[in-house]
There are 2 protein chains.
Amino acid sequence: MRYVQLADTIRDRIVSGTSGALPSEAELGTEFGVSRVTVRRALELLRDEGLVTARRGVGWFVASDPVRQSLGRVTTVEAALEAAGATAGRRVLEFAFETAPTDVAKTLGLPVDGEVLRVTRLNLADDEPFALVTVWVSARLGAHLSRADVEHSTFYDLLPLHGVEPGRVVQTITAEAAEGKTAHHLGVPAGSPLLACRRVTYDRHGDAVIVAEHRYAAHLTALEVEFPFTQTPGARHG
Amino acid sequence: MRYVQLADTIRDRIVSGTSGALPSEAELGTEFGVSRVTVRRALELLRDEGLVTARRGVGWFVASDPVRQSLGRVTTVEAALEAAGATAGRRVLEFAFETAPTDVAKTLGLPVDGEVLRVTRLNLADDEPFALVTVWVSARLGAHLSRADVEHSTFYDLLPLHGVEPGRVVQTITAEAAEGKTAHHLGVPAGSPLLACRRVTYDRHGDAVIVAEHRYAAHLTALEVEFPFTQTPGARHG
DNA sequence: CGCACGACTTGTATGGTACCTGTCTTTTTC
DNA sequence: GAAAAAGACAGGTACCATACAAGTCGTGCG
């Protein structure tokens with residue numbers, strides 16, 4: 001689907017800072033070597049997402065500061081815990097350099113047999129386990145981290161010390177059944193539903209630096225996302 | 001049996017990371033030096049295993065990659081499905097006026113025995129069940145909606161016609177085990193993990209107008225949240 | 001100033017092309 | 001005789017090219 005890919009590249013262009021008016025449909029068409037119809041379908045897709053708006057006779061515009069607008073108020077489980085006054089604790093279960101899983105290598109931009117530091121950690125709230133977290137960073141970065149470091153500080157506190165400036169975070173949320181070992185650590189029956197969040201952190205240059213997987217027991221946790229409604233008239237699917 | 005061997009090699013290729021669209025039947029035929037019929041028999045074998053799906057006139061796709069729904073940008077399930085290249089459908093299962101569940105009555109600002117319109121709907125992606133959605137609106141608003149309305153349009157398209165302007169949306173995400181009836185509708189085993197989203201839509205005046213519960217089979221769906229890195233308590237835990 | 005005109009834009013519709021899957025029949029091969 | 005190959009056709013989808021309607025804006029003329 002050509003227009004989906006085109007929408008992806010335009011979306012990237014928008015989230016990485018472009019604002020104001022977009023080039024006209026005809027210009028985008030010649031730039032990407034596609035017809036105007038295809039450009040329109042891509043733009044309509046982005047309009048359904050609330051990322052852009054169109055004014056007839058004028059042009060297409062990036063919706064006013066869409067990133068901040070739509071993503072400003074994401075509350076994580078950890079934030080809620082702190083707000084509730086719980087004391088957060090960490091217990092490092094594993095700390096190992098090993099070859100990266102293929103998907104992790106891919107997102108971190110490493111070769112298929114690239115080496116990473118994997119830290120598996122149990123997050124505690126008032127000494128009760130509530131999240132099982134696995135973090136991967138490239139071995140090059142991990143070389144500067146000690147086990148004590150990751151036990152007492154967050155990765156977000158540590159990385160700036162080594163010249164890495166976090167830029168943006170993409171969090172993918174899904175659900176899964178608790179596998180035996182995970183269930184044991186979280187203190188829930190095996191097979192019970194978990195909230196699984198994969199969080200990829202990028203630095204200022206757009207390169208992925210941290211891949212993390214958080215697993216929460218479902219009965220304890222809920223993520224809350226708030227965003228303003230963006231009017232999307234004329235959605236193509238009725 | 002030539003096509004069984006071919007199915008094996010294609011399966012290997014898929015499980016080792018290939019995703020998205022497969023080459024066309026003709027291309028696979030020339031690549032492996034077999035006829036199109038043989039390629040088809042192999043692919044049909046993999047389809048029976050649930051590994052791939054075919055869309056007429058388009059091509060074959062690996063079935064495993066979930067639909068990623070971007071929170072904060074996509075406002076409807078339909079938009080996310082279209083972005084993934086699937087065709088969206090709806091089937092209304094229940095359409096009833098009844099007394100509101102207490103939590104719904106509370107969020108909608110109704111008295112404890114207030115009346116609401118409840119619509120339970122199955123969302124389809126390429127004619128496969130994808131999401132089970134229950135929507136509650138106050139009886140006062142629901143009085144203007146017909147069953148055909150909610151079958152053919154989204155609530156977000158319908159409400160502006162009756163003077164309601166959506167303002168903001170708060171979405172709460174959690175996981176749960178599929179209860180029997182829900183599992184049946186979604187075509188998954190009972191007890192399998194679901195992604196459960198409760199979405200409360202407020203109008204311009206800050207009054208809650210829609211309460212909706214979306215349930216997705218976990219293996220089909222992932223929610224995606226992107227936010228710029230800020231040194232807030234919520235983003236500190238990594 | 002007022003106004004028409006033209007150059008641009010988005011919105012909409014249509015015909016045509018290339019390619020895809022789905023299904024069938026016939027021929028070849030082992 | 002069964003499996004595979006080869007071919008043909010139907011039904012669909014995505015994309016392109018084109019045309020035209022409708023809206024906006026700047027320019028220049030009277």
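Per chain, numbering begins at 1; letters A, B, ... match sequence-line order.
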Study note, to complete from the structure: To the nearest angstrom, the CG-P distance between A/L6 and D/dA14 comes to 15 Å
Review point. Taking the nucleotide of DNA chain D with the closest heavy atom to each, which residue, A/G33 or B/V39, is nearer the 5' end?
Key: B/V39
Review point. Would you say B/T38 reaches D/dA5's phosphate, i.e. side-chain N/O to OP1/OP2 under 4.0 Å?
Key: yes
Review point. Quick one: B/R41 CZ to D/dA5 P, roughly how many Å, whole number?
Key: 11 Å
Exercise for review: Could you state the atom-to-atom distance from CG of B/L43 to C1' of C/dG22 in whole Å?
Suggested key: 13 Å
Check your understanding: Should B/R36 and B/E27 count as an ion pair when the cut-off is N to O under 4.0 Å?
Key -> no
**Study point:** Earlier contact from the 5' end, DNA chain D, for A/V34 and B/S35
**Key:** B/S35
Check your understanding: Can we say A/R198 and A/D103 salt-bridge, meaning some charged N sits less than 4.0 Å from an Asp/Glu carboxylate O?
Key -> yes
Shorter than 3.5 Å, N or O on both sides, protein versus nucleotides 12-20 of chain C: list them out with atom names.
from   : atom 1 : to    : atom 2 : distance (Å)
C/dC20 : OP1    : B/S24 : OG     : 3.2

Review point. Would you say the side chains of B/T201 and B/R199 form a donor-acceptor pair under 3.5 Å?
Key: no
**Study point:** Protein-nucleotide distance (B/F61, atom CZ; D/dA14, atom P), rounded to Å
**Key:** 9 Å
Review point. Strictly by modelled atom types, are B/E25 and B/W60 linked by a side-chain donor-acceptor pair under 3.5 Å?
Key: yes
Exercise for review: Assess the side chains of B/T9 and B/D12: does a donor N or O sit below 3.5 Å from an acceptor N or O?
Suggested key: no
Review point. Any donor and acceptor pair, going by atom type alone, linking the side chain of B/T221 with main-chain N or O of B/A217 inside 3.5 Å?
Key: yes
